Amino acid sequence: MRFDVFTLFPEIFESPLQVSILKRAQEMGRLEVVLHNIRDYATDKHHVTDDTPYGGGGGMVMKPEPIFAAVESVLGEALGEVPVILLTPQGRLFTQDVARELARHERIALICGRYEGVDERVRQHLATDEISIGDYVLTGGELPALVIIDAVTRLLPGVLGDPGALIEDSHTWGLLEYPHYTRPAVFRGWAVPEVLRSGHHAEIARWRRQQALRRTWERRPDLLAKAALSEEDRAFLQTLGWNAGDELVNEWENE
Ligand code: 9D3
């Protein structure tokens with residue numbers, strides 16, 4: 001998988017790509033990240049990449065010419081085949097489903113916006129997709145681009161040492177995780193739940209499932225609407241006060 005990243009601040013990407021799983025994925029040849037400084041494609045004497053907005057108002061807008069020049073020069077013949085994703089607060093929300101969808105591509109271009117935004121013609125005539133990573137205000141698209149690279153890379157075949165980890169993901173998908181413990185059995189007087197030390201694998205599995213269900217019900221009840229729940233799961237949730245279909249009702253009540 002190759003990512004071409006277009007940015008005014010390529011330095012932001014250096015450390016995150018040089019450690020842990022992203023580092024190993026690159027060494028394995030599964031991941032390639034090529035950074036392109038948009039400023040290098042500005043043709044004027046001072047390599048200007050931003051300008052004041054037509055119509056007035058505050059802030060600066062990223063000029064279209066250097067972005068088009070950079071993406072067209074780098075993608076060349078591949079333009080039209082490779083997804084060109086613009087990171088903006090107005091984009092569609094990045095989720096695990098979107099990560100899975102992106103992981104199917106061999107090559108992806110990511111354009112990182114800065115300042116108040118990017119000239120609309122980039123969105124209309126160069127980008128094929130627009131993505132936001134959530135409803136909070138960041139200083140630019142670089143951290144979102146790293147989030148996407150990170151989430152997609154761990155889905156690539158062979159990148160995670162243990163293929164069981166991905167199966168586990170799909171199994172528990174839609175629920176929050178159960179609590180994890182490691183040694184010591186008692187730390188500062190706080191003991192690990194007895195069931196985890198019992199060696200009863202079926203009981204451990206049931207306890208973990210119930211913990212995951214309880215946590216999801218308490219913290220993210222919205223997730224239960226989409227989760228894959230067995231009859232046993234439903235019965236347990238009902239002991240907590242959950243009723244199937246509540247989420248739908250709440251959505252109407254909350255909006
Ligand atoms: C005053 C209006 N602001 C929009 C909410 C302007 C603005 C703020 C922040 C325009 C760009 C930015 C920089 N953010 C991104 O480029 C960005 C982003 C984000 O801020 N949150 C979540 N996902 C993303 S993807 C790109």
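As the structure lists them, so they are numbered: ligands from 1, and atoms in each ligand from 1. Keep in mind that what you see is a predicted model, and the values were worked out from it rather than measured.
Annotation: side chain to side chain donor-acceptor pair (under 3.5 Å) contacts of R123 (sequence neighbours excluded): E120, E130.
A228 approaches R209 most closely through the heavy-atom pair O-NH2, 3.2 Å.
At distances below 3.5 Å, at least one donor-acceptor pair connects side-chain atoms of T239 with backbone N or O atoms of F236. R30 places no side-chain N or O within donor-acceptor distance of the main-chain N or O of M1, the cut-off being under 3.5 Å.
Here the straight-line distance linking atom OG1 of T128 with atom CD of E81 works out to 12.5 Å at 0.5 Å rounding.
A salt bridge does not link D50 to R114: none of the charged nitrogens lies less than 4.0 Å from a carboxylate oxygen.
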Between ligand 1 and the protein, which N/O pairs fall short of 3.5 Å?
from     : atom 1 : to   : atom 2 : distance (Å)
ligand 1 : 16 (O) : G141 : N      : 3.4
ligand 1 : 20 (O) : L138 : N      : 2.9
ligand 1 : 21 (N) : Y136 : O      : 2.8
ligand 1 : 23 (N) : S132 : OG     : 3.4
ligand 1 : 23 (N) : I133 : N      : 3.1

